[in-house]
Amino acid sequence: MIKAITGTKDIFAPEVKRWHYLENLVKRIFENFNYNEIRTPVFEETALFARGIGESTDIVSKEMYTFVDRGDTSLTLKPEMTAAVVRAALEHSFDKQQNLNKLYYISPMFRQERPQAGRFRQFHQFGAEALGSESPALDAEMIIIAHDIIAELGLKNFKVKINSLGIPASRENYKAKLKEYLEPHFDKLSDDSKKRFNSNILRIFDSKDETDQKVMKDAPLLIEHLDDESLIHFDEVKKYLMSANVNFEIDPKLVRGLDYYTHTTFEIISDSVGSQSALCGGGRYNKLAAEIGDRDIPGVGFAAGIERILLACENENAFQLEEDSIDVYVVRIDKDLNQKAYQSAYQLRKLGLLTEVDYLSRSVKAQMREANKLNSKYVIMIGGDEFQKGNFLLKNMKTSEQEELSINNLEKVYTRIRG
RNA sequence: GUGGGCGUAGCUCAGUUGGUUAGAGCGUCUGGUUGUGGCCCAGAAGGUCGUGGGUUCAAUUCCCAUCGCUCACCCCA
């Protein structure tokens, strides 16, 4: 038997209703903030991600679904959206048409990792990118939107963490200082951190290893070595957040794994998912466009994991959907009236009623059981004496009241149900 | 890539200190009088006990391998 690929999932009722609920809420909030949806292809040239995300990152070095097509081009299923959105902006010269472009997306992503709670190989993100402005108001806006979506879903158990990586020059200075500090302790570091020492030294702060953490406790912090420009930017972001009443904490050790970040980085974390605590993450990337294109476009954005958020919602019982129901079930009494029953159902559907009818030639009792199972508000019964008189029965399933109506007057069903 | 746990009906799970026709609840289907649901009752369908091999008179139960699921590490959403 052929099964779905490891780390992928079929999503169907009733679960899919929760997805609809989240997607609708996400769209509503993005559109309130005047973001436009962008849809990009599921695959891109491999070089886009290699250059955009960074060769040394885990995503590029070991997690991408990469394959060669029949024209010998190396393609990759998108592992994240930012590089693709920036590519589209450059390709279509969004930046030349208007100064600021505010874009959002809801899309599947692909990374070849071992699946676990809150982590899949095909997973889904919603997110946004604002291109064309260096304003700290937009850094804050990303955090505010992400916060509002998560809060409106009803989640309680989450924290907003922010940090600044500053401009590249001050970060390089700082890295040198950190290296200086760590050199004498190098032998004590875990094997993973020894590798990080060369590839991405900042990430040693993220280590869960105890001795690593002990070593890092007294390490110099980036935030204490930021230049004035970076500090002012960070300060502004904090002010915007405070004026929006978004609670946040500054985490000087928040270092994100993607190469392109400058200035603000942030995460929203939750304990309700398992060990994968990040519900969403993002930051500013003023140097990304130049990496993959011919010109700079400052940008800021975030991405949020839909599976993780829905899992957190489930564990926190964050929102409750109404029980499914239908308006009318059409019961066919006489076996030879299938056509008439189906035609009546169609008319009711055209009137805008959520209608179901029997397709299995089942007994009246079985049809009634089905109507009940579907939580039908009303049932109409077609056949028998009433049909001979040109009528049908309309039954209210809640009160069990029945009335006889003319078969030519199905509109009456609509007025009974919708008033 | 590394490590732990688990694989029995559509779903959630019992069970066998190895021994004849493998169970429950839910779900599905049929019926409880002639054309009417919910509750209740009766009955039915549905399982190569993940797969392959080994030990044994006998294995779903023990052993090995393999595949799958799951959780965790790394990293990330």
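Below, chains carry the letters A, B, ... as their sequence lines are ordered, and counting in each starts from 1. Atom set for the values below is all heavy atoms of this structure, side chains included, hydrogens, waters and symmetry mates excluded.
- For the OP1/OP2 pair of B:A72 and a distance below 4.0 Å, the side-chain nitrogens and oxygens of A:Gln116 include at least one atom meeting the criterion.
- The distance from atom CD1 of A:Ile306 to atom C1' of B:C76 is 16 Å, rounded to the nearest whole Å.
- Following rounding to the nearest Å, A:Arg362 (CZ) and B:C29 (C1') show an atom-to-atom distance of 8 Å.
- Projected onto RNA chain B by closest heavy-atom contact, A:Thr6 and A:Gly305 fall at different nucleotides, the more 5' of which corresponds to A:Thr6.
- Only at 4.0 angstrom or more do the heavy atoms of residues 19-28 of chain A sit from any atom of RNA chain B, so none qualifies.
- Using a cutoff of 4.0 Å between basic side-chain nitrogens and carboxylate oxygens, A:Lys78 and A:Glu80 are not scored as salt-bridged.
- Salt bridge annotation for A:Arg349-A:Glu356: present, with a cationic side-chain nitrogen under 4.0 angstrom from a carboxylate oxygen.
- Heavy atoms of A:Lys9 sit under 4.0 angstrom from primed sugar atoms or phosphate atoms, though from no base atom.
- Salt bridge present: A:Asp327 and A:Arg418 bring a charged side-chain N and a carboxylate O closer than 4.0 Å.
- Under the 6.0 Å cut-off for aromatic ring centres, A:Tyr285 and A:His263 do not qualify, their centroids lying 6.0 Å or more apart.
- Scanning atom types as modelled, one donor and one acceptor separated by under 3.5 angstrom connect the side chain of A:Arg308 and the base of B:C76.
- For the residue pair A:Arg171 / A:Asn173, no side-chain donor-acceptor distance below 3.5 Å is found, with atom types taken as modelled.
- On the C1' atoms, B:G10 is 13 Å away from B:C29, given to the nearest whole Å.
- Among the heavy atoms of the strands lying under 4.0 Å from A:Arg111 is at least one base atom, whether or not backbone atoms are also near.
- Taking the six-membered ring where the residue is Trp, A:Phe197 and A:Phe186 present perpendicular rings, their angle passing 60° and hence far from 30°.
- As judged by a 4.0 angstrom heavy-atom cut-off over every strand, A:Phe120 is placed among the base-contacting residues.
- In terms of the side-chain hydrogen bond (donor to acceptor under 3.5 Å, both in side chains) criterion, A:Glu113 has no residue partners (sequence neighbours excluded).
- Less than 4.0 Å separates RNA chain B from no heavy atom of any residue of residues 149-165 of chain A.
- For the P atoms, the distance from B:U34 to B:G50 is 46 Å, rounded to whole Å.
- Regarding A:Ile2, its CD1 atom lies at a distance of 18 Å from the P atom of B:U51, rounded to whole Å.
- Taking every side-chain heavy atom of A:Ser363 into account, B:G31 is the closest of B:G31, B:A77, B:C74.
- Aromatic pair A:Tyr104/A:Phe126: ring centres not closer than 6.0 Å.
- Summarising the geometry, the separation between CD on A:Gln276 and P on B:A77 is reported as 11 Å, rounded to the nearest angstrom.
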Every protein N/O within reach of nucleotides 33-38 of chain B N/O, cut-off under 3.5 Å:
{"residue": "B:G35", "atom": "O6", "partner": "A:Asp385", "partner atom": "N", "Å": "3.0"}
{"residue": "B:G35", "atom": "O6", "partner": "A:Asp385", "partner atom": "OD2", "Å": "3.3"}
{"residue": "B:G35", "atom": "O6", "partner": "A:Glu386", "partner atom": "OE1", "Å": "3.1"}
{"residue": "B:G35", "atom": "N1", "partner": "A:Glu386", "partner atom": "OE1", "Å": "2.7"}
{"residue": "B:G35", "atom": "N1", "partner": "A:Glu386", "partner atom": "OE2", "Å": "3.3"}
{"residue": "B:U36", "atom": "O2", "partner": "A:Lys395", "partner atom": "NZ", "Å": "2.8"}
{"residue": "B:U36", "atom": "O2", "partner": "A:Gln402", "partner atom": "OE1", "Å": "3.1"}
{"residue": "B:U36", "atom": "N3", "partner": "A:Gln402", "partner atom": "OE1", "Å": "2.6"}
{"residue": "B:U36", "atom": "O4", "partner": "A:Gln402", "partner atom": "NE2", "Å": "3.4"}
{"residue": "B:G37", "atom": "O2'", "partner": "A:Asn372", "partner atom": "ND2", "Å": "3.4"}
{"residue": "B:G37", "atom": "O6", "partner": "A:Ser400", "partner atom": "OG", "Å": "2.1"}
{"residue": "B:G37", "atom": "N1", "partner": "A:Met397", "partner atom": "O", "Å": "2.6"}
{"residue": "B:G37", "atom": "N2", "partner": "A:Asn372", "partner atom": "OD1", "Å": "3.1"}
{"residue": "B:G37", "atom": "N2", "partner": "A:Met397", "partner atom": "O", "Å": "2.8"}
{"residue": "B:G37", "atom": "N3", "partner": "A:Asn372", "partner atom": "OD1", "Å": "3.2"}
{"residue": "B:G38", "atom": "OP1", "partner": "A:Arg369", "partner atom": "NE", "Å": "3.4"}
{"residue": "B:G38", "atom": "O4'", "partner": "A:Asn372", "partner atom": "ND2", "Å": "2.8"}

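- Listed by first then second residue, pairs satisfying salt bridge (Lys or Arg N to Asp or Glu O under 4.0 Å) with a partner in residues 393-405 of chain A read A:Lys389-A:Glu404, A:Glu403-A:Arg416, not counting sequence neighbours.
- A distance below 6.0 Å separates the ring centres of A:Tyr181 and A:His185.
- In terms of position along RNA chain B, the nucleotide closest to A:Gly7 lies nearer the 5' end than the nucleotide closest to the other residue of the pair A:Gly7 and A:Gly281.
- Relative to the ring axis of A:Phe387, A:Lys340 does not place its NZ or CZ within 45° and under 6.0 Å from the centre.
- With rounding to whole Å, A:Glu80 atom CD is found 12 Å from B:C76 atom P.
- The residue A:Glu307 sits apart from the nucleic acid: no heavy atom pair falls under 4.0 Å.
- Between the side chains of A:Asp139 and A:Thr264, at least one donor N or O sits under 3.5 Å from an acceptor N or O.
- In summary, the side chains of A:Glu141 and A:Tyr35 do present a donor paired with an acceptor at a separation below 3.5 Å, with no hydrogens or angles considered.
- Taking atom C1' on both nucleotides, B:A59 is separated from B:U17 by 14 Å, rounded to a whole Å.
- Heavy atoms of A:Gly127 sit nowhere under 4.0 angstrom from any nucleic acid atom.
- Judged purely by distance below 3.5 Å, without hydrogens or angles, the side chains of A:Thr8 and A:Gln122 never pair a donor atom with an acceptor atom.
- For the strand RNA chain B, secondary-structure stems (runs of at least three Watson-Crick or G-U pairs, all distances below 3.5 Å) span B:1-7 with B:67-73, B:10-13 with B:23-26, B:28-32 with B:40-44, B:50-54 with B:62-66.
- Between the CD atom of A:Glu113 and the C1' atom of B:A77 there is a distance of 9 Å, rounded to whole Å.
- A side-chain donor-acceptor contact under 3.5 Å links A:Thr76 and A:Thr66.
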